[in-house]
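Below is one structure, written out as structure tokens; comments come after it.
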Amino acid sequence: PGFDEPGFDDNVSKSEALLFFDDLTMPVGKVPNLIATLNRMIAVAPAVCLLRVENLSGSFFGTGFRFTENLILTNHHVLYPKDQVAIKVQVDFGFDVNASGASIAVTSLAGTPGTIKGEKADDWAVIEVPGMAADWPIVALDAAPAPQVGDLAYILQHPGAQQKRLGFVRNTISDVDAGVVKYLTDTEPGSSGAPVFDTAGRLIALHHA
């Protein structure tokens with residue numbers, strides 16, 4: 001929502017509207033599957049970070065995630081705000097709360113702007129971030145089968161530059177076409193660049209808008 005791109009349409013289609021049923025209950029027999037998925041989200045969550053980006057146009061923010069020992073993946077429009085490459089990138093890991101709701105310690109690292117590379121057409125970009133802890137998870141880019149309509153999409157994100165949140169309600173995939181995955185999972189500006197996972201905790205998409 002609010003992503004300014006010619007041709008981008010975030011209106012809910014008729015087929016998507018049919019997925020918004022009032023009944024948010026589920027068969028009790030499937031609860032263990034949901035618990036297993038949420039445990040996978042907890043395990044991978046430390047790989048997800050808030051990106052605070054500056055360039056000549058101002059200050060911006062987005063979400064990213066660790067996919068190699070020293071690289072973060074996010075959107076092109078996060079590291080090239082208003083089509084200008086970032087000159088400063090601060091990468092905040094652990095911007096989250098504990099089970100009691102208290103804020104936990106944040107590890108803030110400096111990205112290296114000179115390492116930024118990306119592609120505008122598919123809206124991806126990477127940046128090197130020295131100093132990531134060896135025990136933080138690394139998200140594999142090629143572990144998942146292709147998503148299908150009707151599958152579920154879970155998104156670990158920093159919506160509005162808030163502390164980390166998980167989108168997991170009414171999160172059905174409504175369309176898959178030509179490398180684009182559409183889903184009903186809640187996001188906001190700031191969620192750009194977030195990883196999208198399947199029920200097995202495997203990466204299926206890079207959130208765009």
Side-chain angles (χ1 to χ4, degrees), residues 2-5 8 41 43-96 104-144 153-167 179-181 185 187-197 201-209:
F3 187 72
D4 184 17
E5 178 185 347
F8 180 77
M41 295 300 106
V44 75
V48 178
C49 54
L50 172 67
L51 302 177
R52 294 182 286 118
V53 178
E54 296 179 16
N55 67 8
L56 297 178
S57 295
S59 299
F60 308 87
F61 54 85
T63 302
F65 60 96
R66 186 189 195 192
F67 76 103
T68 73
E69 183 178 344
N70 62 351
L71 290 174
I72 294 295
L73 176 62
T74 185
N75 287 148
H76 186 278
H77 74 264
V78 170
L79 292 181
Y80 293 82
K82 300 185 181 297
D83 289 326
Q84 298 180 53
V85 69
I87 57 176
K88 182 179 180 181
V89 180
Q90 205 65 31
V91 184
D92 293 345
F93 286 93
F95 185 39
D96 203 347
I104 62 176
V106 175
T107 300
S108 190
L109 303 174
T112 308
T115 65
I116 294 174
K117 296 179 181 178
E119 183 179 284
K120 184 176 180 179
D122 286 329
D123 200 18
W124 66 266
V126 300
I127 183 171
E128 183 175 330
V129 181
M132 289 188 281
D135 61 347
W136 291 347
I138 292 174
V139 178
L141 301 186
D142 57 356
Y154 296 79
I155 305 180
L156 286 163
Q157 55 186 296
H158 285 283
Q162 299 176 73
Q163 290 169 314
K164 197 177 302 174
R165 300 183 71 87
L166 172 66
V180 176
V181 182
T185 317
T187 61
E188 294 180 7
S191 303
S192 294
V196 184
F197 297 102
R202 300 170 298 196
L203 185 75
I204 56 172
L206 174 66
H207 182 66
H208 163 72

Yes or no on side-chain contact (heavy atoms from CB on, under 4.5 Å) for Thr63 and Thr74, after CA distance, side-chain angles and deciding distance? CA-CA 7 Å; Thr63 302; Thr74 185; 5.8 Å; no
So, for [X] and [Y], which heavy atoms are closest and what is the spacing to 0.1 Å?
X	Y	result
Pro81	Val53	CG-CG1, 3.9 Å
Leu156	Val44	CD1-CG1, 3.5 Å
Pro130	Ala110	CD-O, 3.6 Å
Leu206	Asp123	CD2-O, 3.7 Å
Gly94	Val106	O-CG2, 3.9 Å
Ser59	Glu54	OG-CG, 3.7 Å

Report yes if the side chains of [X] and [Y] come closer than 4.5 Å at any heavy-atom pair, otherwise no.
X	Y	result
Leu141	Leu203	yes
Val129	Leu71	no
Thr187	Gln157	yes
Phe93	Met132	yes
Asp83	Lys120	yes
Asp92	Ser108	yes
Glu188	Gln162	yes
Leu51	His158	no

Find the distance between [atom1] ([X]) and [atom2] ([Y]) and round it off to the nearest 0.5 Å.
X	Y	atom1	atom2	answer
Thr112	Ile72	OG1	CD1	11.5 Å
Ile127	Lys117	CD1	NZ	12.5 Å
Glu119	Trp124	CD	CH2	6.0 Å
Glu128	Ile116	CD	CD1	11.5 Å

Take atom CD of Glu69 as the centre, draw a 6.0 Å sphere, and report whether it contains more than 12 heavy atoms from other residues, nucleotides or ligands.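 No, not enclosed.
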Tell me if the CZ atom of Arg165 is crowded by more than 12 foreign heavy atoms within 6.0 Å.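 Incorrect, the count does not exceed 12.
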Hey, is the main chain of Ala45 close enough, under 3.5 Å, to the side chain of Lys164 for a donor-acceptor pair?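 Checked: pair present.
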Is a donor on one side and an acceptor on the other found under 3.5 Å between the side chain of Asn55 and the backbone of Ser57?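 Side chain of Asn55 to backbone of Ser57, a donor-acceptor pair under 3.5 Å: yes, one is there.
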Let's go through Thr107 and Trp136 carefully: what are the C-alpha distance in whole Å and the side-chain angles of both, what is the deciding distance for side-chain contact (heavy atoms from CB on, under 4.5 Å) to 0.1 Å, and is it a yes or a no? CA-CA 12 Å; Thr107 300; Trp136 291 347; 3.8 Å; yes
Run Val196 and Tyr154 through side-chain contact (heavy atoms from CB on, under 4.5 Å) and show every step you take. CA-CA 6 Å; Val196 184; Tyr154 296 79; over 6 Å; no
Which class fits the ring pair Phe67 and Phe65: parallel under 30°, tilted 30 to 60°, perpendicular over 60°?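 Because their plane-to-plane angle is over 60°, the rings of Phe67 and Phe65 count as perpendicular.
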Regarding His208 and Ser192, is there a side-chain donor-to-acceptor distance under 3.5 Å anywhere?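 No - no donor-acceptor pair under 3.5 Å links their side chains.
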side-chain contact (heavy atoms from CB on, under 4.5 Å), that's the test. Do Gln163 and Phe95 meet it? Break it down for me. CA-CA 5 Å; Gln163 290 169 314; Phe95 185 39; 3.3 Å; yes
